[in-house]
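In what follows, a single structure is set out as structure tokens and then discussed.
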2 protein chains.
Amino acid sequence: MNYRQKLILEKLAARDYMTIEALAQEFGVSKMTIHRDLAALQQAGFVLKQYGKVTAMPKRNSSWADQCQMCGQKIKEQNAFTLVSAEGNLYRLCCPHCGLMAYRQHGDSWQTLATDFLHGHVITAFQAHYLIDLELTICCSPTVLAFDSRAEALKFQKGFGGRVVDFYQAVEFINQNPIRSQIHGGSQ
Amino acid sequence: MNYRQKLILEKLAARDYMTIEALAQEFGVSKMTIHRDLAALQQAGFVLKQYGKVTAMPKRNSSWADQCQMCGQKIKEQNAFTLVSAEGNLYRLCCPHCGLMAYRQHGDSWQTLATDFLHGHVITAFQAHYLIDLELTICCSPTVLAFDSRAEALKFQKGFGGRVVDFYQAVEFINQNPIRSQIHGGSQ
DNA sequence: CTTAGATGTTATATTTTGTTATTTTTATCA
DNA sequence: TGATAAAAATAACAAAATATAACATCTAAG
């Protein structure tokens, strides 16, 4: 990353977004050069290029939301779900149920993280095991629980029933089960 | 380090960056000589050469984050990962899992440090040995543990399974996001 | 005088940037 | 919708800026 690219990031930190045109003007350089800078920055995961403008990727260590952006409930770390959409928006959800719904809405996500329900550690959502259709309601209904270990998920299932599925099967499950609270209508 | 090189460092401490051209002028010396000075300073880790410009390396005594900048968890020193990117930004991560993910994002980094999981001392990440695919979850999943000694990593592996790999293999492991129905399947 | 180390000069390689032509995306209107 | 125009992105190439290598020159110490 060169010095101009660093400056671009600093400018972006202050504003909401910037146009390619404006950046080219400010640095007295061609738009092509800015395009190249932004391509590099996007490659490195710092910004998001968007037809004429750039937005900064969210800083994930600041302003950690404590309300679910899907259903509004207070988020408990033990069950939390985090999603960074391809558009660069950060979503914090209260549980895999809301997390998977958000994933469905924002589809092509840049990063998706779930929390192991038993140990409370963070897991890559794609690799997690999900327990659905179980005889227990935690947080939202229909309840979905995330587990790191399939063995533990199966043990949990012994007591509470349901099915242990992978990420995409869980998304499919959410798709088929109409739910009550939905914030945005936009889906593709 | 000669006297002129010491002066270059002093000048850089004051400003954000300097051009090779300007330095050559200020010292009344050819650009080639400045190039040689900067090559030496960069070799010693004091500056960063950047096609026409030099910037000083960051001072690492400032604002030591205690939250992982990848997943947000509180950082335990025993497992911490530190990354100084080429442009001088400091990243603190909770474990090698997040550390390697950050490395993937920030690519060519100036300095990358892991912590030996058993003894807690800092090691150069490139020289460390990593245990992946193991039957134990620490901090994040998929768990990656860093060891200074390969022998100790192998002993650890005896009990908890997994594979001992080098830095680049570990990065490769993190790069892959396989959708696996079973994580702790004892793969060798 | 000889030699080692530092510096300068020149030629060549590499990187970065700008320009143009072409393709892709978005907006507009019937 | 679907056709069309406008805006923006991309690719390919040429030009400019910078870096590097090889060698020449200078200086100081022995």
Side-chain angles (χ1 to χ4, degrees), chain A residues 1-12 15-57 84-89 105-110 184-188, chain B residues 1-12 15-57 84-89 105-111:
Chain A
M1 182 184 305
N2 64 34
Y3 189 71
R4 185 181 51 241
Q5 288 168 12
K6 184 179 178 177
L7 290 183
I8 289 175
L9 285 187
E10 285 174 14
K11 283 183 180 301
L12 268 178
R15 287 161 240 200
D16 208 17
Y17 72 92
M18 292 201 72
T19 66
I20 311 279
E21 180 76 49
L23 282 169
Q25 294 242 333
E26 287 214 31
F27 290 106
V29 94
S30 80
K31 281 188 280 189
M32 190 65 231
T33 297
I34 298 295
H35 273 295
R36 282 191 269 242
D37 283 344
L38 296 180
L41 289 173
Q42 175 160 283
Q43 184 71 25
F46 287 113
V47 305
L48 193 71
K49 243 158 138 303
Q50 276 179 315
Y51 203 72
K53 65 182 179 181
V54 238
T55 55
M57 278 294 185
V84 182
S85 73
E87 295 84 44
N89 297 318
Q105 270 187 30
H106 305 294
D108 178 23
S109 59
W110 183 66
H184 311 296
S187 60
Q188 45 213 26
Chain B
M1 191 191 307
N2 64 31
Y3 186 67
R4 186 181 52 241
Q5 287 168 11
K6 194 170 283 183
L7 289 183
I8 289 175
L9 285 187
E10 284 174 17
K11 284 184 179 300
L12 267 179
R15 289 162 237 200
D16 209 15
Y17 72 92
M18 292 203 71
T19 66
I20 312 278
E21 180 78 49
L23 282 168
Q25 294 242 334
E26 288 214 31
F27 291 106
V29 94
S30 81
K31 281 188 279 189
M32 190 66 233
T33 297
I34 297 295
H35 273 295
R36 284 191 266 243
D37 283 343
L38 296 181
L41 289 173
Q42 175 160 282
Q43 186 71 23
F46 290 112
V47 305
L48 191 72
K49 243 159 137 307
Q50 277 181 314
Y51 205 74
K53 299 186 181 72
V54 235
T55 55
M57 273 300 169
V84 182
S85 69
E87 64 279 0
N89 295 317
Q105 260 186 40
H106 305 298
D108 64 339
S109 55
W110 164 248
Q111 203 164 46

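Every chain is numbered from 1 and lettered A, B, ... according to where its sequence line falls, protein lines coming before strand lines.
The overall bend of the helix from dC1(C)-dG30(D) to dA30(C)-dT1(D), read as the angle between its terminal helix axes built from five base pairs each, is 20° when rounded to 10 degrees.
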Start with the C-alpha gap between F27(A) and L7(A), add the side-chain angles, then the distance that decides, and say whether side chain to side chain contact (heavy atoms under 4.5 Å, CB included) holds.
CA-CA 10 Å; F27(A) 290 106; L7(A) 290 183; 3.8 Å; yes

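Side-chain nitrogen and oxygen atoms of K49(B) include at least one within less than 4.0 Å of the OP1 or OP2 phosphate oxygen of dT20(D).
The OG1 atom of T55(B) lies 10.5 Å from the CG atom of N2(A); values are rounded to the nearest 0.5 Å. Atom CD in Q42(A) sits 12.0 Å away from atom NE2 in H35(A) (nearest 0.5 Å). In this structure, the separation between CD1 on I34(B) and CD on Q5(B) is 9.0 Å, given to the nearest 0.5 Å.
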Grab the N/O contacts between the protein and nucleotides 25-29 of chain C below 3.5 Å, and write none if there aren't any.
| unit_1 | atom_1 | unit_2 | atom_2 | d |
| --- | --- | --- | --- | --- |
| dT25(C) | O2 | Y51(A) | OH | 2.8 |

Contact list (N/O, under 3.5 angstrom) for nucleotides 3-5 of chain C vs protein:
none

Check nucleotides 6-9 of chain C against the protein and report each pair of N or O atoms closer than 3.5 Å, with its distance, or say if there are none.
| unit_1 | atom_1 | unit_2 | atom_2 | d |
| --- | --- | --- | --- | --- |
| dT7(C) | OP1 | R4(B) | NH1 | 3.0 |
| dT7(C) | OP1 | R4(B) | NH2 | 3.2 |
| dT7(C) | OP2 | R4(B) | NH2 | 3.1 |
| dG8(C) | OP2 | S30(B) | N | 3.0 |
| dG8(C) | OP2 | S30(B) | OG | 3.0 |
| dG8(C) | OP2 | T33(B) | OG1 | 2.5 |
| dG8(C) | N7 | R36(B) | NH2 | 2.7 |
| dG8(C) | O6 | R36(B) | NH1 | 3.4 |
| dG8(C) | O6 | R36(B) | NH2 | 3.3 |

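For T19(A), there are no side-chain hydrogen bond (donor to acceptor under 3.5 Å, both in side chains) partners, not counting sequence neighbours. With sequence neighbours left out, the side chain to side chain contact (heavy atoms under 4.5 Å, CB included) criterion links R15(A) to K11(A), M18(A), E26(A). Contacts of Y17(A) classified as ring-ring contact (aromatic ring centres under 6.0 Å, His included), with partners at least two apart in sequence or in another chain: none.
Residues F46(B) and I8(B) are not in side-chain contact: their nearest non-hydrogen atoms beyond the backbone lie 4.5 Å or more apart.
Minimum heavy-atom separation, L12(B) to V54(B): CD2-O, 3.5 Å. Pairing each heavy atom of V47(B) with each of L38(B), the nearest pair is CG2-O, 3.9 Å.
Across the protein-nucleic acid pair, I34(A) atom CD1 and dG18(C) atom C1' stand 13 Å apart, rounded to whole Å. Atom-to-atom, NE2 of H35(A) to P of dA12(D) comes out at 16 Å; the value is rounded to the nearest Å. The nearest whole Å value for the distance from the CD1 atom in I20(A) to the P atom in dT17(C) is 15 Å. Atom CD of Q5(A) is separated from atom P of dT15(C) by 15 Å (rounded to the nearest Å).
Sequence order on DNA chain D of the closest nucleotides to K53(A) and G52(B) puts K53(A) first from the 5' end.
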In 5'-to-3' order, the base (B), backbone-only (S) or no-contact (-) status of each nucleotide in nucleotides 24-30 of chain D, using a 4.0 angstrom heavy-atom cut-off, is -------

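Pairs engaging residues 37-55 of chain B under the salt bridge (Lys or Arg N to Asp or Glu O under 4.0 Å) rule: R4(B)-D37(B) [sequence neighbours left out].
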